[in-house]
Structure formats: structure tokens, C-alpha cells
> 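I'd like to ask some things about the structure below.
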Amino acid sequence: MIGISESQPDDLASIERIYPAAFPDEDLLPLVRALLTQRSTVLSLVARAENAVVGHILFTPCTLIGQSARIALLGPLAVALGHQHQGIGGALVREGFTQLEESGVSGVCVLGDPQYYRRFGFAPTETIAPPYPLPPEWKEAWQALAFSNNALPLSGTLSVPTPWQEPALWGP
Ligand SMILES: CC(C)(COP(=O)(O)OP(=O)(O)OC[C@H]1O[C@@H](n2cnc3c(N)ncnc32)[C@H](O)[C@@H]1OP(=O)(O)O)[C@@H](O)C(=O)NCCC(=O)NCCS
């Protein structure tokens, strides 16, 4: 039985074990730690199975430069090895969407594998520009979705808080 809830400060050690195993070639821990120090603004959800943390997702509140609409940036997302392909990643994404929409967020952006993210309604976007130019081969990986047609068109350049202002996060 999987339960999704907001992460607690005590979950940090478990979260810190999941990322290096799920992303052996990428060190996302500095980003995760920096975002979690802004716990009051980010949405940080964990999936628990029998009281162990087996998945984690972060959503960072952002805006489009010069606009008031709130847009969330999804990432990172990781599920513990041995618990992948059981619907946990999907459950984390969908619970995040529910909470964000209820709190008045207009849409979500993500830089990730379109094959995975399209199932949630994400589609490559050219109307929302990422905060740093992406390499051409990552064009399809920059995706967005709006929670309601009223929020369309979401268009502008995404303004991200300090932990995301790291060009290395936006390139290979
Ligand atoms: C990607 C990840 C978060 C998905 O979580 P999960 O709990 O395993 O995924 P779910 O069970 O909700 O969904 C499984 C589906 O995702 C697909 N999937 C899993 N990882 C994928 C990936 N990296 N790329 C594309 N599709 C992927 C599976 O093929 C499966 O598809 P199907 O339902 O059509 O068979 C998890 O596998 C993970 O942490 N992987 C390592 C880190 C990573 O690659 N993160 C990418 C996020 S940008």
C-alpha cells in the first residue's frame, strides 16, 4: 500500500539515498537540498511503502517574467530502485497536480523524457521559454501543461528561483 504525503525534515536521509541510485550519472542532491531549504514554498511529496520512503517529487513555484500567473516547475522526481514501474512516479505526479491546481497554480513545466511525461498531458512547448537556452536535441524535452483551458495560452519566459539558476541543470 503506497501513501503520498508532504515530506518531513526527517525524510531527508531517505530522500538522499533515492537520488544517487535512481540517477547514477547525475548529482541532483545539491539541487534537492537547496530546494528543500525553501520548504515553505516548494511542494515536496514522498511516497511511503510500509513506512519507508520509496519515491520523491519536487515542484517549485515560478512565474513567467512580468506576469502574475503561477507556474510550477516539476523536478526532480525519483523512485527507489526495486519500486519502479509500480505506478509510484505517476501517483506522485498526479497528487502534485491536484494540490497545485487547488492552490491556484495555472500550469506546470518540466524538462524530462517526453515518452514518460506525455502520459500526464505534457506536450513540448515553444510558447514558454526555459530560463536558459536548451541544446536543440532537448527541444522535445521541454514540456508544459495548463490545468485549465482558461489558462491558455501560457506564454513567456520562465523565471526560476536561485536553486534552479544553474546553467548546468539546463544542459547535458
Ligand atoms: C522515471 C521514474 C520516476 C518513473 O517512476 P515509476 O514509478 O517507475 O513509473 P510509473 O510506474 O508511474 O510508470 C511506469 C511507466 O513509466 C515508464 N518509464 C519508466 N521510466 C521511464 C523513463 N526513464 N523514460 C520513459 N518511460 C519510463 C515505464 O515504461 C512505464 O510505462 P508503461 O506504463 O507504459 O509500461 C522512475 O522510474 C525513476 O526514478 N527512474 C530513474 C530516474 C529517472 O529516469 N527519472 C526521470 C524523471 S525526468
Side-chain angles (χ1 to χ4, degrees), residues 1-7 11-36 42-62 71-101 105 107-126 128-147 154 158 160-161 163-172:
M1 181 71 181
I2 299 292
I4 309 278
S5 55
E6 265 186 59
S7 73
D11 294 327
L12 184 61
S14 308
I15 292 170
E16 288 186 338
R17 276 193 293 275
I18 293 176
Y19 280 95
F23 291 90
D25 302 328
E26 218 176 331
D27 183 7
L28 290 169
L29 288 183
L31 173 66
V32 171
R33 289 186 190 119
L35 290 170
L36 287 178
V42 298
L43 176 60
S44 168
L45 300 176
V46 288
R48 287 177 214 278
E50 287 153 21
N51 243 359
V53 173
V54 295
H56 179 241
I57 193 167
L58 273 164
F59 293 89
T60 304
C62 301
I71 310 288
L73 177 60
L74 188 169
L77 159 66
V79 174
L81 300 180
H83 293 269
Q84 296 180 354
H85 301 273
Q86 296 170 24
I88 295 172
L92 284 163
V93 171
R94 292 191 176 94
E95 176 59 24
F97 284 3
T98 301
Q99 294 195 22
L100 292 167
E101 191 173 6
V105 168
V108 184
C109 290
V110 67
L111 181 62
D113 187 339
Q115 285 210 45
Y116 182 64
Y117 285 104
R118 72 164 59 104
R119 73 195 64 209
F120 305 110
F122 281 105
T125 177
E126 291 189 4
I128 299 181
Y132 296 88
L134 298 173
E137 65 271 24
W138 282 20
K139 213 172 138 204
E140 298 289 305
W142 177 241
Q143 300 152 79
L145 70 77
F147 287 134
L154 292 172
L158 195 70
V160 294
W164 284 103
Q165 291 172 16
E166 172 55 65
L169 293 169
W170 301 90

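Counting convention: from 1, in listed order, for ligands and their atoms alike. Heavy atoms only: backbone and side chains are in, while hydrogens, waters and symmetry mates are out.
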> Parallel, tilted or perpendicular, judged at 30° and 60°: which one describes the rings of Tyr19 and Phe23?
parallel
> Between Glu95 and Ser5 (side chain of the first, backbone of the second, donor and acceptor by atom type, cut-off under 3.5 Å), is there such a pair?
no
> Say whether, by atom type as modelled, one donor and one acceptor occur between the side chain of Glu6 and the main chain of Leu43 under 3.5 angstrom.
no
> Return yes if some donor-acceptor pair links the side-chain N/O of Gln143 with the main-chain N/O of Ala141 below 3.5 Å, else return no.
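Checking the backbone N and O of Ala141 against the side chain of Gln143, a donor-acceptor pair under 3.5 Å is found.
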> How about Glu137: does its CD atom have over 12 heavy atoms from other parts shown lying under 6.0 Å from it?
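Yes.
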> At a 4.0 angstrom heavy-atom cut-off, what protein residues surround ligand 1?
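For ligand 1, the residues that come within the 4.0 Å heavy-atom cutoff are Ala22, Phe23, Leu77, Ala78, Val79, Gln84, His85, Gln86, Gly87, Ile88, Gly89, Gly90, Asp113, Tyr116, Tyr117, Arg119.
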> Please check if the side chain of Trp164 supplies one atom and the backbone of Leu35 the other of a donor-acceptor pair under 3.5 Å.
no
